[in-house]
Amino acid sequence: MHHEEGDDEVFVDCGAYDGSGAFNFINHYSTEYKRMYLYELDPANAVRVKEAADMLRNIVTRNVAVGSEHRTMSASIGSSQGSHLGGIGNSDYTAQVVTLDEDISEPITFLKMDIEGAELEALRGASNHIKNEHPKLAICVYHKREDAVDIAEYILSLNPDYKLYLRHEEHYMYCGTVLYAVP
């Protein structure tokens with residue numbers, strides 16, 4: 001099922017940082033949307049995301065991580081490498097991890113991920129959305145050397161009809177190498 005831009009858009013931003021991606025989605029992609037889901041692990045950034053979301057409509061903000069299963073994990077918050085799950089750096093923060101398949105019950109049309117190397121695990125937790133709804137994907141693949149290939153192969157295993165594009169971006173939503181998948 002192909003979605004046109006418009007009021008049926010459900011935008012999911014994993015790694016929402018300060019919420020600016022929501023404004024940029026509206027400005028550059030779709031002024032009409034049904035709902036946005038903004039996920040941000042860092043509690044300080046999550047406060048900024050919530051403040052940004054309060055200026056918009058139909059936004060769900062979540063101060064949790066996204067992954068392949070629902071669980072609790074240690075996390076490093078606000079390090080120079082960005083906030084991330086696992087044992088690098090200061091891991092004194094306990095993060096709740098959710099899957100997008102469990103956390104979002106409605107169909108999604110656009111999925112963006114910039115989550116410091118956890119993208120493949122988060123995609124595994126969104127496999128039902130990807131298989132059944134074929135959202136447009138913008139997935140950062142510059143955190144781990146193998147991500148560009150592994151993530152591309154995983155996406156195609158879920159839906160071989162995706163067209164994949166790899167670009168280095170320095171613009172409004174992220175800076176780095178991004179894998180785009182378009183149904």
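Bear in mind the structure is a predicted one, so any value in this text is a computation, not a measurement. Every heavy atom of this structure was used, including side-chain atoms; hydrogens, water molecules and symmetry mates were not.
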Taking the side chain as every heavy atom from C-beta outward, state whether [X] and [Y] have any pair of such atoms under 4.5 Å apart.
X	Y	result
I26	M36	yes
L123	L111	yes
H168	Y142	no
P183	K136	yes

Do [X] and [Y] land in one hydrophobic cluster if side-chain heavy atoms of ILVMFWY residues count as linked below 4.5 Å?
X	Y	answer
L137	V149	no
L56	F110	yes
Y17	V141	no

So which atom in [X] and which in [Y] form the shortest heavy-atom distance, rounded to 0.1 Å?
X	Y	result
L100	V66	CD2-CG1, 3.6 Å
P135	H129	CD-O, 3.5 Å
N63	E40	ND2-O, 2.9 Å
K34	D8	CB-C, 4.0 Å
A65	L41	CB-CD1, 4.1 Å
K144	G117	NZ-O, 3.2 Å

Rounded to the nearest 0.5 Å, what separation is found between the [atom1] atom of [X] and the [atom2] atom of [Y]?
X	Y	atom1	atom2	value
I139	D147	CD1	CG	10.5 Å
K112	C140	NZ	SG	6.5 Å
E102	H70	CD	NE2	7.0 Å
H143	I151	NE2	CD1	9.5 Å

Basic-acidic side-chain contact under 4.0 Å: E69, R71:
yes
Please check: side-chain N/O of [X] versus main-chain N/O of [Y], any donor-acceptor pairing under 3.5 Å?
X	Y	value
T109	V10	yes
N128	D101	no
E133	I108	yes

Y154 and E119 side chains, donor-acceptor separation under 3.5 Å
no
Distance-only donor-acceptor check, side chains S20 and D18, under 3.5 Å
yes
Who passes salt bridge (Lys or Arg N to Asp or Glu O under 4.0 Å) against R48, sequence neighbours left out?
none
Identified side-chain contact (heavy atoms from CB on, under 4.5 Å) partner of Y39 from the options V98, I115, D13, T61
V98
Results of side-chain contact (heavy atoms from CB on, under 4.5 Å) for L164 - residues two or more places apart only
A152, I155, L156, Y162, L179, A181
ring-ring contact (aromatic ring centres under 6.0 Å, His included) partner of F11, the single match among Y37, F25, Y33:
F25
